[in-house]
There are 2 protein chains.
Amino acid sequence: MASIKDVAAEAGVSVATVSRVLNDHPSVSADARTRVLAAVESLGYRPNAVARSLRTDQTHTLGLVISDVLNPYFTELARSVEEEARALGYSVIIGNADERPDLQDHHVRNLLDRRIDGLLVSPTDGGSPLMLDAVRAGTPMVFVDRWIPGVDVPVVRADGRAAVRDLVAHLYGLGHRRVAIIAGPAATTTGRERVEVFREALQEHGLDLPEAYTGQGDFQAESGRRVTEGFLDLAEPPEVVFAADNLMALGALDAVRARGLRVPDDIALAAFDDIRWFVHTDPPVTAIAQPTGELGRAAVRALVDRIEGRPGESVTLPARLVVRRSCGESPSPVQRSTT
Amino acid sequence: MASIKDVAAEAGVSVATVSRVLNDHPSVSADARTRVLAAVESLGYRPNAVARSLRTDQTHTLGLVISDVLNPYFTELARSVEEEARALGYSVIIGNADERPDLQDHHVRNLLDRRIDGLLVSPTDGGSPLMLDAVRAGTPMVFVDRWIPGVDVPVVRADGRAAVRDLVAHLYGLGHRRVAIIAGPAATTTGRERVEVFREALQEHGLDLPEAYTGQGDFQAESGRRVTEGFLDLAEPPEVVFAADNLMALGALDAVRARGLRVPDDIALAAFDDIRWFVHTDPPVTAIAQPTGELGRAAVRALVDRIEGRPGESVTLPARLVVRRSCGESPSPVQRSTT
DNA sequence: TCCGTCGATGTAATCGATTCCACGAGCACT
DNA sequence: AGTGCTCGTGGAATCGATTACATCGACGGA
């Protein structure tokens, strides 16, 4: 592959001049410029990004460590992140942690070794020493969706409080009283927070969330299935199950279907995270929708701000309830969506 | 960030010795080794992958350019690719072409500029000059799922011929005679091939696939919706629609639902690519399942073989039909799956 | 005419690693 | 004792870019 030296030789100038043309530095003659460009063209020269990065100490690359690629919420996030980054002149390297702290660390280490300019993370756990070190060392970082409390890093996330309150009101209005949750890992902020917010909202209606009705999941489908099985095995199963993410809701559907039961007649279901498929499931699933694309874009903007020396602020956007049929038919015509 | 020089100074040896320890070269004394390792530890030193790549001309990185991240088939593929690559000591950089040739070229160029060791592509079109140049220049490459005919690059893919034949037999057995397809872009091999195979299978039953019943889609949901609308507007709509991928099937479901019609009573539906959600859609969708994970792993193995100087062969694995309820109830108990 | 300035260019240092080559010490063999 | 190993080590070149600094010619003003 042709290097800058080959171009210089072909154009009959020095490598410095070639570099100046390529980075459109002002002081280069029109004549030299055209000769260099012709040489670039004829050799099919492309600058070596590795060499450039070594010299300039910039890779124009962002690292994105997401919790689970198989989760449509995160793939949509990844997509919007890449789009916005591209618009700002950056590329993105994605690492999939698969909800495993060790894999998360593997990817963070790998990305740091590659000297990415900044890191976007939705942490799977309470904060590995590795990540804390990176923050301390001054690596530009932004948390998205989930975060690590007590670390001075901007957080871009959705606030589900109002939507969860709407959901509980909806459930209450349909007559449901025995309500259960499939929680995410307690090591994650979203894992804890969604349970707390849900419990508070229930209390406002005088309902509580007993131990037996809080199942511990890990945000992946299999755990949703397992926890739901447990609920169905209880002497008095819940009337509704709220899954803290879409994959655990999928697992819950699996469990219900495996027993030959029906949603919502035998047991109702709601989920955090709305995805396109929920419109077409049997029945369509009531869910809390996050402004996923906007979150991804805001996170990139915050990170690039940090990288380029501007402040880079936290952003919180509201989530909203999308009512469908999985919790039962509304007696009154409340807001109903089919999209 | 500490460099190899800092480590050398701290350990009281030369950079050459540090490098030897790090790459466990045999001829280095036990004493020097322990001093170096201690220095590495105390400085928290991590080798700069950028510098290393520049010197060795290896990045230990594979590029993966996929057609659409929002397609669960491709995210599953991406996941298995990353897993296998990691096992073999490589990282993966994913580029999402979003079914757009220009974006595909953008990513290919970006990856080549980064001097990735090899490229895994499922091309969105018939072959951009850029990609052909890369092949000619000797970049190790492997096509996965889709390929470009006439280019000497290993192809790892599923053969859907038998499964499509099974599908047609199934449809025929259920009494369907007016059969339509939502095709993928003619510029892609899978786009063309699935139509041809389907048409051939129909002919074996004496059925044909008229022009009006072959809709042109682009593998994305919106096109599936649009084409299905067209079918439903016909004076004599088809009895079955076969979508050439899962996203177009989703779009078809959208169209059917928007008219207040039901699958399979008003119109039956089948899809290429099976995904978890198809079990829970209303109704569960009959689909052709590819061995996605195995394809991803085989593709990585073939690519790494090429990179490391071994042959690296094409692989074709069979797809299989998974019958569910979206084409109507089987009169006879044929193979039926609920998973 | 001379000097200062400016524009265009080249030389060489530099980034952080790897690796070829040279060198000295220690040891075995003759 | 001299020769020829091997082993451990350091010096320095190298990868492909960017960029500080030096140089040189032209030109304008005094």
Side-chain angles (χ1 to χ4, degrees), chain A residues 1-40 43-61 89 109-117 137, chain B residues 1-40 43-61 89 109-117 137:
Chain A
M1 185 150 273
S3 84
I4 196 171
K5 274 189 198 151
D6 304 316
V7 176
E10 173 87 5
V13 297
S14 73
V15 294
T17 301
V18 175
S19 177
R20 288 194 190 95
V21 172
L22 264 34
N23 298 285
D24 44 37
H25 183 98
S27 104
V28 44
S29 69
D31 175 55
R33 161 164 283 112
T34 55
R35 291 219 311 284
V36 167
L37 292 178
V40 165
L43 294 173
Y45 168 77
R46 295 246 80 213
N48 183 327
V50 174
R52 189 192 293 241
S53 292
L54 176 61
R55 182 57 232 247
T56 60
D57 203 31
Q58 295 183 47
T59 49
H60 274 278
T61 303
R109 199 179 334 262
N110 184 265
L111 292 165
L112 292 175
D113 285 354
R114 288 165 181 274
R115 303 300 193 265
I116 43 121
D117 293 341
Chain B
M1 186 149 270
S3 85
I4 195 171
K5 274 190 199 150
D6 303 317
V7 175
E10 173 87 5
V13 297
S14 73
V15 295
T17 301
V18 175
S19 177
R20 288 194 191 96
V21 171
L22 264 33
N23 297 285
D24 44 39
H25 184 97
S27 99
V28 45
S29 69
D31 176 55
R33 161 164 282 112
T34 56
R35 291 218 312 283
V36 167
L37 292 178
V40 164
L43 294 174
Y45 168 77
R46 295 246 80 213
N48 183 327
V50 174
R52 188 192 294 241
S53 292
L54 176 60
R55 183 58 234 248
T56 60
D57 203 32
Q58 295 185 46
T59 49
H60 275 278
T61 303
R109 199 178 338 262
N110 184 265
L111 293 165
L112 292 174
D113 285 355
R114 290 167 179 273
R115 303 299 194 266
I116 44 121
D117 292 341

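What you see is a predicted model; the values in this text were computed from it and never measured.
- Distances from the side chain of B:Asn48 to the nucleotides D:dA17, D:dT9, C:dA17 place C:dA17 closest.
- The pair B:Arg109-B:Asp113 fails the salt-bridge criterion, with no side-chain N (NZ, NE, NH1 or NH2) lying under 4.0 Å from an Asp/Glu carboxylate O.
- Taking the side chain of A:Ile4 as heavy atoms from C-beta on, and the options D:dA17, C:dG10, D:dG10, the nearest nucleotide is D:dA17.
- The residue B:Ser27 sits close to a base: some heavy atom pair falls under 4.0 Å.
- Contact annotation: B:Ser19 does not reach the phosphate of C:dT19 (side-chain N/O to OP1 or OP2, under 4.0 Å).
- Residue-to-nucleotide contacts include no donor-acceptor pair under 3.5 Å from the side chain of B:Arg33 to the base of D:dG8.
- Each of B:Thr56 and A:Pro26 has a nearest nucleotide on DNA chain C; the 5'-most of these lies closest to A:Pro26.
- For B:Arg55, the side-chain atoms get nearest to C:dT19 when compared with the rest of D:dG11, D:dT18, C:dT19.
- Nearest nucleotide to the side chain of B:Val28, out of C:dC15, C:dA17, D:dT9: D:dT9.
- Between B:Ser14 and the phosphate of D:dG10, there is a side-chain N or O to OP1/OP2 separation shorter than 4.0 Å.
- If you check the side chains of B:Asn48 and B:Arg52, you find no donor sitting under 3.5 Å from an acceptor.
- Across all strands shown, A:Ala32 has heavy atoms under 4.0 Å from sugar-phosphate atoms exclusively, and none from any base.
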